[in-house]
Amino acid sequence: MNKLFEEASFVIEQIESKGFKAYFVGGCVRDYCLNRPIKDIDIASSAKPEEIQSIFPKTIPVGIEHGTVIVRYNHVSYEVTTFRKEDKYEDFRRPSKVWFVTNLEEDLSRRDFTFNAMAMDKNFQLIDPFNGREDLKKQQIRTVGKPDHRFSEDPLRIMRAFRFMSVYDMRIEEKTKLALKKNAPLLKRISTERITMEFKKLLEGKQAGKALQLMQDCGVFPYMPYPLEEISEGSLLSFNWSSLKSEEQRWAAIIVLTKVDDERDFLKLWKLPNKVIQSVLNILVSYKKEKWSKMDLYTTGLNAALSGLRIKCLVEDESFEEQASKLKHLAKEIVIHSRDDIPLNGEDILKIKQKAPGVWVGQLFQELEKEIVEGNLPLSENEISDWVRRWGKE
């Protein structure tokens, strides 16, 4: 028995002891059927939120108006949601109204894809009214009910379909595919943050290339926060996405493989954190670099340099290891990693020069860094002090 389910069974047992029904639902059931790691456990129950609150001493009413209460047990959080049915999604995200129901199948019928509409009792008996288990076996993504209705309710499900395709190596069933093509323009109604979150997860998948190719074929690219367009046909599909090691590398690769006029603007339109944006821009500088000096490598940083090189080697189908070895060897020859490694600080410089502070101090440090990095000046306090004394007089 999976340890997470074993610990969560106590929550179900407590709910059932009060005469209510409770089941494991959603992603944890899907991943259990796929024998994949399970991150968290969600529970659906016939008990109403206030009844859940009365059963457990520690609860958090995170979405009580929609029937959701977090139960804290043994330092773990479990999201417990009352069986419900939903009204129309007027904001393309949440139903305008929900009704609590007592029937599990009615609750499962509102979910997005068949493999997310499965439930399981504490004895690991599967409840699968929409044949989600069969779709998992077929590696098929299929909506619950009419696909056009599911995507028009919440168009983010379009992005989720592509994300599941990438992460789980699945194909999208034909009727589902036709509906996501039809509803793709509705993605403009979805917040950038929600689209970005799904897109990031898609890029992490082993089949990111296939998912991106299908997104293009289905006409989804124009409705991204920054419309995507391949530089050359098939480049997104053939690129080895699984070789990339970080989020920043993946965003840099997207920019390299698509037509982007302004790299910083592209990243800002996806509403990425400033730290991520700067890291991606550094990688892109490295990607474009043909020849490295010690100062180039010192300024850019070895990690960004290797990231840019990795993308370049993947694009040009060249060996990464040999070129990476040369960069690493060059980096070992650089005796400082930052200005803090220099044995003199600003106050020391002022004392040696016996001058008032000014912009000249920054200029001196820039030249001093370059001399040390390029190997023209040893990392010796005495020799650096002599160099500072001579600076400006030569």
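This is a predicted model, so every value here is computed, not measured.
Looking at heavy atoms from C-beta onward, Asn131 lies in side-chain contact with Arg142 at the 4.5 angstrom threshold. For the pair Leu237/Gln216, no side-chain contact is recorded, criterion being any heavy-atom separation below 4.5 Å from C-beta on. Phe24 has its side chain within reach of Ile12: a pair of non-hydrogen atoms, C-beta onward, lies under 4.5 Å apart. The side-chain heavy atoms of Gln140 and Arg171, taken from C-beta on, include a pair separated by under 4.5 Å. Residues Tyr168 and Ile141 are not in side-chain contact: their nearest non-hydrogen atoms beyond the backbone lie 4.5 Å or more apart. Proximity of Ile158 to Ile190: side-chain heavy atoms (C-beta onward) are nowhere separated by under 4.5 Å. Annotation: side chain of Leu108 is in contact with side chain of Arg111 (closest heavy-atom distance under 4.5 Å). Within the 4.5 Å cutoff, the side chain of Tyr226 has no heavy atoms near those of the Thr258 side chain.
Closest heavy-atom contact between Arg389 and Ile352: CG-CG2, 3.4 Å. Phe162 approaches Ala211 most closely through the heavy-atom pair O-CB, 3.6 Å. When all heavy atoms are compared, the tightest approach of Leu284 to Ala252 is CD2-O, 3.7 Å. Shortest non-hydrogen contact noted between Val167 and Arg36 is CG1-NH2, 3.6 Å. Residues Met118 and Cys33 come closest through the heavy atom pair CE-SG, 4.0 Å. Nearest heavy-atom pair, Ile64 versus Val69, reported as atom, atom and distance to 0.1 Å: CG1-CG2, 4.5 Å.
In terms of hydrophobic clustering, with Ile, Leu, Val, Met, Phe, Trp and Tyr side chains grouped at heavy-atom distances under 4.5 Å, Phe130 and Phe83 are assigned to a common cluster.
Remark: Glu6 does not engage Lys3 in a salt bridge, criterion side-chain N to carboxylate O under 4.0 Å. Looking at Arg250 and Glu247, no side-chain N of the basic residue comes within less than 4.0 Å of a carboxylate O on the acidic one, giving no salt bridge. Here Asp135 does not pair with Lys138 in a salt bridge; the nearest charged N to carboxylate O distance is not below 4.0 Å. Using a 4.0 Å cut-off between charged nitrogen and carboxylate oxygen, Asp107 and Lys21 do not count as a salt-bridge pair. The pair Lys312-Glu290 meets the salt-bridge criterion, with a side-chain N (NZ, NE, NH1 or NH2) lying under 4.0 Å from an Asp/Glu carboxylate O. Salt bridge Arg390/Glu371: absent, no basic N to carboxylate O contact under 4.0 Å.
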Show me the donor-acceptor pairs within less than 3.5 Å that the side chains of residues 358-368 make with the rest of the protein, sequence neighbours left out.
residue : atom : partner : partner atom : Å
Trp360  : NE1  : Ala356  : O            : 2.8
Glu367  : OE1  : Trp391  : NE1          : 2.9

Tabulate below the donor-acceptor pairs under 3.5 Å that side-chain atoms of residues 295-309 make, not counting sequence neighbours, or state none.
residue : atom : partner : partner atom : Å
Asp296  : OD2  : Ser293  : N            : 3.2
Asp296  : OD2  : Ser293  : OG           : 3.0
Tyr298  : OH   : Arg339  : N            : 3.3
Tyr298  : OH   : Glu369  : OE2          : 2.5
Thr299  : OG1  : Met295  : O            : 2.9
Thr300  : OG1  : Asp296  : O            : 3.0
Ser307  : OG   : Gln249  : NE2          : 2.9
Ser307  : OG   : Asn303  : O            : 3.0

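Checked against salt bridge (Lys or Arg N to Asp or Glu O under 4.0 Å), Glu333 has the following partners two or more places apart in sequence or in another chain: Lys294. For Arg30, there are no salt bridge (Lys or Arg N to Asp or Glu O under 4.0 Å) partners at least two apart in sequence or on another chain. Lys137 is linked by a salt bridge (Lys or Arg N to Asp or Glu O under 4.0 Å) to nothing, counting only residues two or more places apart in sequence or in another chain.
Close placement of the Phe5 and Phe124 rings is indicated, their centers lying within 6.0 Å of each other.
Looking only at distances, a side-chain donor or acceptor of Asp154 sits under 3.5 Å from a matching main-chain atom of Leu156. The backbone N or O of Leu236 sits less than 3.5 Å from a side-chain atom of Glu230, completing a donor-acceptor pair. In terms of modelled atom types and a separation under 3.5 Å, the side chain of Asn183 and the main chain of Leu186 share no donor-acceptor contact. Not one N or O on the side chain of Asn116 forms a donor-acceptor pair closer than 3.5 Å with the backbone of Asp112. A donor-acceptor pair is defined here as one N or O able to donate and one able to accept, closer than 3.5 Å; such a pair exists between the side chain of Arg157 and the backbone of Arg150. Under the 3.5 Å distance criterion, the side-chain polar atoms of Thr196 are left unmatched by any main-chain donor or acceptor of Glu193. Under the 3.5 Å distance criterion, the side-chain polar atoms of Ser279 are left unmatched by any main-chain donor or acceptor of Val276. At least one donor-acceptor pair closer than 3.5 Å links the side chain of Ser166 to the backbone N or O of Ala208.
Within 6.0 Å of atom CD in Glu316, more than 12 heavy atoms from other residues, nucleotides or ligands are found, so the atom counts as buried in its surroundings. Environment of CD in Glu347: sparse, with no more than 12 heavy atoms of neighbouring residues, nucleotides or ligands closer than 6.0 Å. The neighbour count for Lys353 NZ, taken as heavy atoms of other residues, nucleotides or ligands under 6.0 Å away, is above 12. Other residues, nucleotides and ligands contribute only 12 or fewer heavy atoms inside 6.0 Å of the CZ atom of Arg133. Environment of CG in Asn35: sparse, with no more than 12 heavy atoms of neighbouring residues, nucleotides or ligands closer than 6.0 Å. Within 6.0 Å of atom NZ in Lys351, 12 or fewer heavy atoms from other residues, nucleotides or ligands are found, so the atom counts as exposed in its surroundings. By the neighbour-count criterion of 12 heavy atoms within 6.0 Å, atom CG of Asp262 is densely surrounded, having more than that number from other residues, nucleotides or ligands. Shown here is Glu322, whose CD atom has no more than 12 heavy atoms of other residues, nucleotides or ligands within 6.0 Å.
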Requested in this report: Could you walk me through whether Val260 and Ile254 pass side chain to side chain contact (heavy atoms under 4.5 Å, CB included), step by step?
Outcome: CA-CA 9 Å; Val260 175; Ile254 282 288; over 6 Å; no
Query raised in the report: Does the pair Glu204 and Lys201 meet the rule for a salt bridge (charged side-chain N to carboxylate O under 4.0 Å, His left out), with working shown?
Result: CA-CA 5 Å; Glu204 293 171 7; Lys201 292 176 182 177; over 6 Å; no
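One finds the CG atom of Leu344 at 5.0 Å from the CD1 atom of Ile349 (value rounded to the nearest 0.5 Å). Put simply, OG1 on Thr68 and CD on Glu79 are 5.0 Å apart, with the number rounded to the nearest 0.5 Å. The distance from atom NZ of Lys288 to atom CD1 of Ile311, rounded to the nearest 0.5 Å, is 11.5 Å. Note that CD of Glu153 and CZ of Arg110 are 10.0 Å apart. Values are rounded to the nearest 0.5 Å. Separation of atoms CG (Asp148) and OG1 (Thr143) is listed at 9.5 Å; rounding is to 0.5 Å. Between Leu4 atom CG and Asp40 atom CG the span is 8.5 Å, to the nearest 0.5 Å.
A cation-pi contact links Arg310 to Phe320, judged by a cut-off of 6.0 Å to the six-membered ring centre and 45° from its axis.
In the hydrophobic clustering (ILVMFWY side chains linked at under 4.5 Å, chained through shared members), Leu178 stands by itself.
Between the side chains of Trp387 and Glu383, no donor-acceptor pair of N or O atoms lies under 3.5 Å.
Note: Phe199 and Trp270 have parallel aromatic rings, judged against thresholds of 30 and 60 degrees for the angle between ring planes. Between Phe239 and Trp241, the ring planes are perpendicular. Angles over 60° get that label, and only those under 30° would be called parallel.
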